[in-house]
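FYI, side chains are in, hydrogens and waters are out, and symmetry mates aren't considered; it's all heavy atoms of this structure. Because the structure is predicted, anything quoted here is derived from the model rather than measured.
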Amino acid sequence: MTKKQIFIVFFYCILWILLFFIGWIISLLSAFVSISMYSIIFFGIYFYWKKSIKKTPLFFIDFLWIFLYKTSFFLILCVWIIGSFSYYQNEISPAYMPFYTISNWKKIIKFQTMIHIGTPHFYEKVRKNIKIAKDEGYVLFFEWVRPWKEENMKKFDEALGINFTPTLYENFSRLYGLTFQDNIYFLELVNNYDFNIDLSIDEIIKLYEKIWKNKKNNTLPKEIQDVDSIVIEELSKLNDKELQILIYINQAIMNFIIKNDSLQKSFLKEFWNEALFEVILNKRNGLLVENIEKSKYDKIFITYGLLHFEWVLEKLKKIDKNRKIIKKEYLYPIRN
């Protein structure tokens, strides 16, 4: 055997062993069938191309050695790219949720940016910070869109393009090996000065329908995706080892997206209903700023989504130029 053939045998032996370890005989057979099928397809293409230019094609066995050799390098490259990306995002440079303290020397605002799925450690740290702040006389302003009339919930699902069930975040978080944000966990710590500064679904739909009428190029999603069922179905197909690999890659992708605000906003504008996006982001921002300004409390702790912070800070500074960030800390929502 040549050195190239020895490398091919060694590589595929390792590959078969890993596939058997990860997914047992099903994964092994699936990979074997896929490689066999693609080798036949590419040989057919190669064979007819050679015939078309009137040259003698290789025998299938000779072509197969070349195909397996090149495929092995392609697989190694894919594993290296995905593995390097995942390791960098998860271990070297994970995303963080900033924890800001803003002051105009009259009113102090502690703004904890949030994510709807994260590690238990992240939510425990947020809870601890809320408790410390409340011991110092702070009140809590929190984000929590409230469901209301059933007909408006249906309209919301249609506008969003997703069947937004109560268990959506819980099931979705399983794909990332994380837990979901449960606001109950942050309430009634030290005292009951907890204020839900948010819109109900009824209010969102009312505002949305007004904006929709004035939007010229707005389009609705073609159909409502039952994400809950899709996630549950996909999870049922994976064994524990396969799920752990998927979780690690998914966490890397999430870390990457969280760190890129412009990517998040462009993605939402491109694929979301623009009128609904304006309500969910901008109108709720305005509501939060309004409540901060009219509040009789001088110490406010806020838990709100990451994308809301910059807009809210900008509006607060326009109202009072003396406001500025006096402290910035970082919590890591995905790093264990």
Side-chain angles (χ1 to χ4, degrees), residues 97 111-118 140-173 180-187 194-231 257-258 261 264-295 300 302-316:
M97 290 289 117
F111 196 118
Q112 174 60 65
T113 56
M114 296 294 286
I115 185 171
H116 293 307
I117 58 174
L140 177 65
F141 282 11
F142 63 96
E143 169 190 29
W144 194 350
V145 173
R146 304 178 303 283
W148 212 252
K149 292 180 182 178
E150 186 176 348
E151 63 181 280
N152 283 329
M153 281 299 301
K154 289 180 179 178
K155 288 181 180 180
F156 182 77
D157 289 348
E158 289 172 0
L160 189 62
I162 293 173
N163 186 10
F164 204 87
T165 65
T167 58
L168 179 63
Y169 284 129
E170 181 178 358
N171 286 324
F172 199 67
S173 65
F180 65 100
Q181 180 183 336
D182 184 358
N183 278 321
I184 299 297
Y185 188 59
F186 306 122
L187 304 183
D194 306 313
F195 304 96
N196 183 4
I197 312 299
D198 215 327
L199 300 170
S200 69
I201 294 295
D202 287 0
E203 292 167 319
I204 288 174
I205 292 300
K206 185 177 179 180
L207 291 167
Y208 162 72
E209 288 179 337
K210 286 181 180 179
I211 295 171
W212 170 269
K213 292 177 182 177
N214 298 321
K215 288 285 182 182
K216 295 180 179 179
N217 300 318
N218 204 12
T219 56
L220 282 170
K222 293 181 180 179
E223 58 181 336
I224 300 175
Q225 297 292 329
D226 188 358
V227 178
D228 249 357
S229 298
I230 294 171
V231 170
I257 293 173
I258 292 171
D261 290 348
Q264 293 178 59
K265 290 174 182 176
S266 62
F267 178 82
L268 290 172
K269 286 183 178 180
E270 182 69 25
F271 296 101
W272 258 32
N273 182 325
E274 189 178 346
L276 186 64
F277 175 79
E278 187 172 331
V279 176
I280 287 178
L281 195 62
N282 297 338
K283 295 298 182 182
R284 292 166 72 214
N285 288 342
L287 178 68
L288 180 57
V289 170
E290 179 186 339
N291 277 270
I292 291 170
E293 286 303 309
K294 72 179 184 181
S295 175
I300 302 172
I302 299 172
T303 55
Y304 240 80
L306 177 63
L307 287 176
H308 295 276
F309 176 76
E310 288 185 7
W311 195 98
V312 170
L313 179 62
E314 182 183 344
K315 291 297 179 183
L316 289 173

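By the 4.5 Å heavy-atom criterion applied to side chains, F195 and N291 are not counted as neighbours. Under the 4.5 Å side-chain criterion, counting only non-hydrogen atoms from C-beta, L276 is in contact with I204.
Contacts of Y169 classified as side chain to side chain donor-acceptor pair (under 3.5 Å), with partners at least two apart in sequence or in another chain: none. With sequence neighbours left out, N196 forms a side-chain contact (heavy atoms from CB on, under 4.5 Å) with F142, W144, R146, D198. Considering only residues two or more places apart in sequence or on other chains, N183 meets the side chain to side chain donor-acceptor pair (under 3.5 Å) condition with Q181. When the side chain to side chain donor-acceptor pair (under 3.5 Å) test is applied to E143, the partners found at least two apart in sequence or on another chain are R284. Qualifying side-chain contact (heavy atoms from CB on, under 4.5 Å) partners for E170, counting only residues two or more places apart in sequence or in other chains: T167, F180. With sequence neighbours left out, L316 forms a side-chain contact (heavy atoms from CB on, under 4.5 Å) with I109, V289, I292, E293, V312, R323. With sequence neighbours left out, the side-chain contact (heavy atoms from CB on, under 4.5 Å) criterion links I230 to Q225, E234. Evaluation of the ring pair (Phe, Tyr, Trp, His ring centres under 6.0 Å) rule for F186 yields no partner, not counting sequence neighbours. For E151, the salt bridge (charged side-chain N to carboxylate O under 4.0 Å, His left out) test picks out no residue, with sequence neighbours left out. The side chain to side chain donor-acceptor pair (under 3.5 Å) test applied to S295 returns no partner, not counting sequence neighbours. Evaluation of the ring pair (Phe, Tyr, Trp, His ring centres under 6.0 Å) rule for Y304 yields H308 as partners, not counting sequence neighbours.
Put simply, the residue from I300, I197, D194, I302 that forms a side-chain contact (heavy atoms from CB on, under 4.5 Å) with L140 is D194.
Of all heavy-atom pairs spanning F156 and I280, the tightest one is CE1-CD1, 4.0 Å. What you find for L306 and M97 is that their closest heavy atoms are CD2-CE, 3.7 Å. Taking every heavy atom of both residues into account, L207 and L199 meet most closely at CD1-CD1, 3.9 Å.
Taking OG1 of T113 as the reference point, atom CZ of F309 lies at 8.0 Å (rounded to 0.5 Å). Atom-to-atom distance recorded for K210:NZ and K206:NZ is 5.5 Å, nearest 0.5 angstrom. Interatomic distance, OG of S229 versus CG of N171, reported as 9.0 Å (0.5 Å rounding). Taken from CD1 in I201 to CE in M153, the straight-line distance is 5.0 Å, to the nearest 0.5 Å. To the nearest 0.5 Å, the span separating CG on N152 from OH on Y208 amounts to 12.0 Å.
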